[in-house]
Number of protein chains: 2
Amino acid sequence: MNSPLHLYKAEFFKALGHPLRLAILDSLRDGPLSVTKLQEMVQVDQSILSQHLAKLRSFKFVTARREKTTIFYHVHDTDVYIFLDLAKNIYGRQLQLSQDILNQLNTTEHI
Amino acid sequence: MNSPLHLYKAEFFKALGHPLRLAILDSLRDGPLSVTKLQEMVQVDQSILSQHLAKLRSFKFVTARREKTTIFYHVHDTDVYIFLDLAKNIYGRQLQLSQDILNQLNTTEHI
DNA sequence: TTATTATATTAGAATGTTCAAATATAGTAA
DNA sequence: TTACTATATTTGAACATTCTAATATAATAA
């Protein structure tokens, strides 16, 4: 157990396991954005945004480029979107199943 | 920020963000296994294995079926492997990039 | 019924992650 | 140089996850 590969892979998934970081990646779908612009979009404190950008950077999900005093972020490998969208398929089915069970419960009289 | 979708998606990734849970899913690639057999493969305490199986179950990554006194686990939706393997592509490139930088540093004399 | 085997759950301690606030840095312009 | 704007880093508190150990449950067999 705890092969280096599983350890690294787990870190990779953890890096995606935060709502704000997912929101950041979604905000960058249509191209690079400055931190200020990102902040407007995701509506969090500057410091918090910066901390989460650091995490995304550390796994190379995003890359930063400076232009004068502004820093622009862009996704490093846009295939990550294929990956994120595929995730939707998987948990979509999981949710569907839960929903079906839920519906079944709701439409059953004797509860 | 914090759309329910991002919240759920983050939980989904967190559920995959543990080396043991990834090892469990890998162990189940070739078909269902009993908890005892799984335990032999991943080499952890019974209680710990059970707790992680509970988490995988709660996100429907795995499903349990009882046969007499033995419980067999199997992956609920085998597409999860397509997903996990795609992850490898993404972080593989990330790692490659780091490796390249590292190599460059190592082969540069003036350091 | 009791004992046994297989697995799950619970409670608290240990550890890790995130947040909030303050401070630091880096570039530019005056 | 000083002041300003944009962004990053640090620190400790708040919160969440994981581990350990003990206990619970469920099925079976004796």
Side-chain angles (χ1 to χ4, degrees), chain A residues 1-3 6-25 27-28 32-76, chain B residues 1-3 6-25 27-28 32-76:
Chain A
M1 223 288 288
N2 273 7
S3 77
H6 284 145
L7 278 171
Y8 184 85
K9 201 163 181 169
E11 292 304 314
F12 172 88
F13 281 114
K14 273 196 253 176
L16 293 174
H18 191 288
L20 179 55
R21 292 196 288 272
L22 294 173
I24 292 170
L25 291 175
S27 297
L28 293 173
L33 290 175
S34 68
V35 175
T36 305
K37 187 68 192 160
L38 261 174
Q39 198 182 345
E40 279 171 34
M41 297 183 77
V42 298
Q43 298 273 55
V44 294
D45 197 88
Q46 183 272 318
S47 159
I48 289 185
L49 177 55
S50 202
Q51 289 169 208
H52 286 280
L53 284 171
K55 184 133 208 173
L56 288 173
R57 235 165 37 222
S58 79
F59 279 87
K60 295 218 183 56
F61 284 114
V62 299
T63 305
R65 145 180 70 83
R66 181 184 281 275
E67 217 166 273
K68 298 211 172 189
T69 160
T70 303
I71 303 216
F72 288 90
Y73 276 88
H74 64 275
V75 298
H76 172 72
Chain B
M1 224 288 288
N2 273 8
S3 76
H6 285 144
L7 279 170
Y8 184 85
K9 201 162 180 170
E11 292 305 314
F12 172 88
F13 282 115
K14 273 196 255 177
L16 293 174
H18 191 288
L20 179 55
R21 291 196 289 270
L22 293 173
I24 292 170
L25 291 175
S27 297
L28 294 174
L33 291 174
S34 69
V35 175
T36 305
K37 188 68 192 162
L38 261 174
Q39 198 182 346
E40 278 172 35
M41 298 182 76
V42 298
Q43 298 271 57
V44 293
D45 197 88
Q46 182 272 318
S47 161
I48 289 186
L49 176 56
S50 202
Q51 287 170 196
H52 286 280
L53 285 170
K55 184 133 209 173
L56 288 173
R57 236 165 35 221
S58 79
F59 279 86
K60 295 218 184 57
F61 285 113
V62 298
T63 306
R65 145 180 70 85
R66 181 184 282 274
E67 218 166 274
K68 298 212 170 185
T69 161
T70 303
I71 303 217
F72 288 90
Y73 277 89
H74 64 276
V75 298
H76 173 72

Original post:
When you match A/Ile48 and B/Ser47 each to their closest nucleotide on DNA chain C, which lands nearer the 5' end?
Top reply: B/Ser47

**OP:** To the nearest Å, give me how far apart NZ (A/Lys68) and C1' (C/dT28) are.
**Re:** 8 Å

Subject >> Whole angstrom value for the distance that separates C1' of D/dA8 from CG of A/Leu49 >> reply: 11 Å

**OP:** On the 0 to 90° scale, with breaks at 30° and 60°, tag the B/His52-B/His18 ring pair as parallel, tilted or perpendicular.
**Re:** tilted

**OP:** Pull out every residue in residues 9-16 of chain B that has a heavy atom closer than 4.0 Å to any atom of DNA chain C, ordered by number, or say none.
**Re:** none

**OP:** Would you give the length of the straight line joining atom CG of A/Leu20 to atom NZ of A/Lys55, rounded to the nearest 0.5 angstrom?
**Re:** 12.5 Å

**OP:** Would you classify A/Tyr73 as touching base, sugar-phosphate or nothing, given that sugar-phosphate means primed atoms plus P, OP1 and OP2, and contacts are heavy atoms under 4.0 Å?
**Re:** sugar-phosphate

Original post:
Does the side chain of A/Leu16 come within less than 4.5 Å of B/Leu16's, by heavy atoms?
Top reply: no

Original post:
Separation of B/Arg57 atom CZ from C/dT9 atom P, in whole Å?
Top reply: 5 Å

Original post:
What nucleotide, of D/dA8, D/dT28, C/dT18, holds the atom closest to the side chain of A/Arg21?
Top reply: C/dT18

Original post:
Please give, in whole Å, the distance from D/dA8 P to A/Leu56 CG?
Top reply: 12 Å

Subject >> Interatomic distance, A/Ile24 atom CD1 to A/Gln39 atom CD [nearest 0.5 angstrom] >> reply: 10.5 Å

Subject >> Distance in angstrom units between B/Glu40 CD and C/dT7 C1', rounded >> reply: 15 Å

Original post:
Going by modelled atom types, is there a donor-acceptor pair between the base of C/dA20 and the side chain of A/Gln51 at under 3.5 Å?
Top reply: yes

**OP:** State, with a plain yes or no, whether a side-chain heavy atom of A/Val75 is found less than 4.5 Å away from one of A/Leu56.
**Re:** no

**OP:** Classify the nucleic acid contact of A/Thr70 as base, sugar-phosphate or nothing, counting any heavy atom under 4.0 Å across all strands shown.
**Re:** sugar-phosphate

**OP:** Could you go through the ring-ring contact (aromatic ring centres under 6.0 Å, His included) check for B/Phe61 and B/Tyr73 one step at a time?
**Re:** CA-CA 10 Å; B/Phe61 285 113; B/Tyr73 277 89; over 10 Å; no

Subject >> Interatomic distance, B/Phe72 CZ vs D/dA27 C1' [rounded to whole Å] >> reply: 14 Å

Original post:
Side chains of A/Thr36 and A/Glu40: do they bring a donor and an acceptor to under 3.5 Å?
Top reply: no

Subject >> side-chain N/O A/His52 vs C/dT17 OP1/OP2, d < 4.0 Å >> reply: no

Original post:
Under 4.0 angstrom, heavy atoms only, what part of the nucleic acid is A/Lys55 near: base, sugar-phosphate, or nothing?
Top reply: sugar-phosphate

Original post:
Rounded to the Å, how far apart are A/Asp45 CG and D/dA8 C1'?
Top reply: 13 Å

Original post:
B/Thr69 side chain N/O closer than 4.0 Å to the phosphate oxygens (OP1, OP2) of D/dA27?
Top reply: no

Original post:
Closest nucleotide of DNA chain C for A/Glu67 versus for B/Arg66: which of these residues is on the 5' side?
Top reply: B/Arg66

Subject >> Presence of donor-acceptor pair under 3.5 Å, side chain of A/Gln46 and base of D/dA8 >> reply: yes

**OP:** May I have the distance from A/His18 (atom NE2) to D/dC15 (atom P), rounded to whole angstrom?
**Re:** 14 Å

Subject >> Heavy-atom side-chain contact between A/Arg66 and A/Ile71 under 4.5 Å >> reply: yes

